[in-house]
Amino acid sequence: TLLAALLCWLDIRSRGGRLCLRLEDLDPDRCRPEYADAIRRDLAWMGLDWDSEILQSECSEAHEAALDHLAEQGRLYPCGCSRSALRAQGDRAPDGSPRYPGTCRERLLPSAAQGGWRSVAEPLRVRLPEGRVEVLDESGEDLSQSPALTYGDPVVRRRDGAVAYHLASVVDDAAEGVSRIVRGRDLAPSTPVQISLAQLLGLQPLHY
């Protein structure tokens, strides 16, 4: 994490741009205020500064608006597949996570009169469009793939009600005006998933 922060800082300071510290505190089981304070202290100890700060937990209105937009497109659906069941099927995505085989893809949301996606207790997934996403990052790494096939439809709202990483990141990048992202190789393969989500939401492409 410190290495990624340093590389982000070096990249954007060399270009005269703005650096945003985003504290991704949506997971109620893993996120506590003292953890965020420790991140701030560690970055300051390294001599790194930033121009703005975002707590993802304060962006719920934008996250819900994105879910509304996806629901209006008919892209959201409830999924009852457990993590253990997905791990057991043995098919892996490039980042090592279980590839979602589309088991619940034909399920529909309740009607708006019944509460729509807000009335669903199960996780929500988004039907990604078919087709290949072409992306070459600035290091020369070709990350192109067909995310609907390679990863399967991602969870966008978890069982506990928290908005999932991919959707929250895409929405918050757009809200803050982020144009450049420095990512570690552990996260790089999932870049086309986020690009696909951004396209569904009508957002501008980024540089990686």
Side-chain angles (χ1 to χ4, degrees), residues 24-31 56-57 59-133 135 143-175 183 186-203 205-206:
E24 299 180 340
D25 60 342
L26 295 178
D27 189 329
D29 297 324
R30 299 175 60 190
C31 300
Q56 274 191 328
S57 57
C59 303
S60 59
E61 186 174 336
H63 299 159
E64 290 186 8
L67 288 168
D68 284 335
H69 189 66
L70 294 170
E72 289 166 4
Q73 297 180 52
R75 294 281 179 181
L76 290 185
Y77 62 94
C79 178
C81 300
S82 67
R83 292 183 180 180
S84 58
L86 293 176
R87 285 195 295 268
Q89 52 100 14
D91 195 4
R92 299 287 175 177
D95 63 357
S97 64
R99 188 187 75 83
Y100 182 65
T103 308
C104 300
R105 208 168 201 254
E106 301 308 314
R107 293 182 61 187
L108 301 175
L109 287 178
S111 67
Q114 296 172 313
W117 65 263
R118 290 174 174 81
S119 67
V120 177
E122 295 172 298
L124 295 174
R125 292 184 183 271
V126 59
R127 293 183 187 88
L128 293 180
E130 305 295 333
R132 188 171 173 83
V133 173
V135 54
L143 302 173
S144 304
Q145 60 176 259
S146 300
L149 297 176
T150 308
Y151 278 86
D153 298 333
V155 170
V156 289
R157 197 207 63 183
R158 304 182 343 175
R159 190 181 302 275
D160 60 11
V163 174
Y165 163 74
H166 285 309
L167 182 63
S169 296
V170 167
V171 171
D172 295 343
D173 285 343
R183 312 187 79 184
D186 57 334
L187 295 176
S190 64
T191 299
V193 175
Q194 295 197 2
I195 291 174
S196 190
L197 281 172
Q199 290 172 345
L200 289 176
L201 295 170
L203 304 177
L206 309 179

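If you're wondering where the values come from, they're calculated on a predicted model, not measured in any experiment.
Here the closest non-hydrogen pair linking Cys79 and Glu122 is O-CB, 3.7 Å. Taking every heavy atom of both residues into account, Ala121 and Arg157 meet most closely at C-NH2, 4.1 Å. Among all heavy-atom pairs drawn from Val163 and Leu26, the shortest one is O-CD1, 3.4 Å. The two residues Gln73 and Leu200 have their closest heavy-atom pair at NE2-O, 2.9 Å. The shortest heavy-atom contact between Pro189 and Pro192 is O-CD, 3.3 Å.
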Would you sort out whether Tyr100 and Leu128 count as a side chain to side chain contact (heavy atoms under 4.5 Å, CB included), showing the intermediate values? CA-CA 12 Å; Tyr100 182 65; Leu128 293 180; over 6 Å; no
Verdict with supporting geometry, Leu167 and Leu201, side chain to side chain contact (heavy atoms under 4.5 Å, CB included): CA-CA 10 Å; Leu167 182 63; Leu201 295 170; 3.9 Å; yes
Start with the C-alpha gap between Asp95 and Asp186, add the side-chain angles, then the distance that decides, and say whether side chain to side chain contact (heavy atoms under 4.5 Å, CB included) holds. CA-CA 7 Å; Asp95 63 357; Asp186 57 334; over 6 Å; no
Show the numbers, then the answer: is there a side chain to side chain contact (heavy atoms under 4.5 Å, CB included) between Val170 and Ile195? CA-CA 8 Å; Val170 167; Ile195 291 174; over 6 Å; no
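A salt bridge (Lys or Arg N to Asp or Glu O under 4.0 Å) with Asp153 is found for exactly one of Arg125, Arg75, Arg127, Arg105, namely Arg105.
Residues Ser144 and Val133 fail the side-chain proximity criterion, which asks for heavy atoms closer than 4.5 Å. Put simply, the side chain of Arg132 does not reach to within 4.5 Å of the side chain of Pro147, judged on heavy atoms. Counting heavy atoms from C-beta on, the side chains of Leu197 and Leu203 never come closer than 4.5 Å. Residues Tyr151 and Gln145 meet the side-chain proximity criterion, which asks for heavy atoms closer than 4.5 Å. Within the 4.5 Å cutoff, the side chain of Arg87 has heavy atoms near those of the Arg92 side chain. With contacts defined as side-chain heavy-atom distances shorter than 4.5 Å, the pair Asp27/Arg158 qualifies. Within the 4.5 Å cutoff, the side chain of Trp117 has no heavy atoms near those of the Pro78 side chain. Inter-residue side-chain proximity for Val155 and Leu124 is flagged as unmet; no heavy-atom pair is nearer than 4.5 Å.
A salt bridge links Arg99 with Asp91: at least one charged nitrogen is closer than 4.0 Å to a carboxylate oxygen.
Cys59 contributes atom SG, which lies 10.5 Å from atom CD of Glu24 (distance to the nearest 0.5 angstrom). In this structure, CG in Leu108 is found 11.5 Å from OH in Tyr77, a value given to the nearest 0.5 Å.
Formation of a donor-acceptor pair under 3.5 Å by the Thr150 side chain with backbone atoms of Ser146 is found in this model. For the pair Gln89 (side chain) and Leu86 (backbone), a donor-acceptor distance under 3.5 Å is present. A distance-only check finds no donor-acceptor pair linking the side chain of Arg183 to the backbone of Ser190 [under 3.5 Å]. Judged by distance alone, with hydrogens and angles left aside, the side-chain atoms of Gln194 form no donor-acceptor pair with the main-chain N or O of Thr191 at under 3.5 Å.
In this view, Asp173 and Arg22 satisfy the salt bridge (charged side-chain N to carboxylate O under 4.0 Å, His left out) rule, not counting sequence neighbours.
Within a 6.0 Å sphere centred on CZ of Arg83, other residues, nucleotides and ligands contribute 12 heavy atoms or fewer.
With no hydrogens or angles considered, no side-chain donor-acceptor pair links Gln199 and Ser196 at under 3.5 Å.
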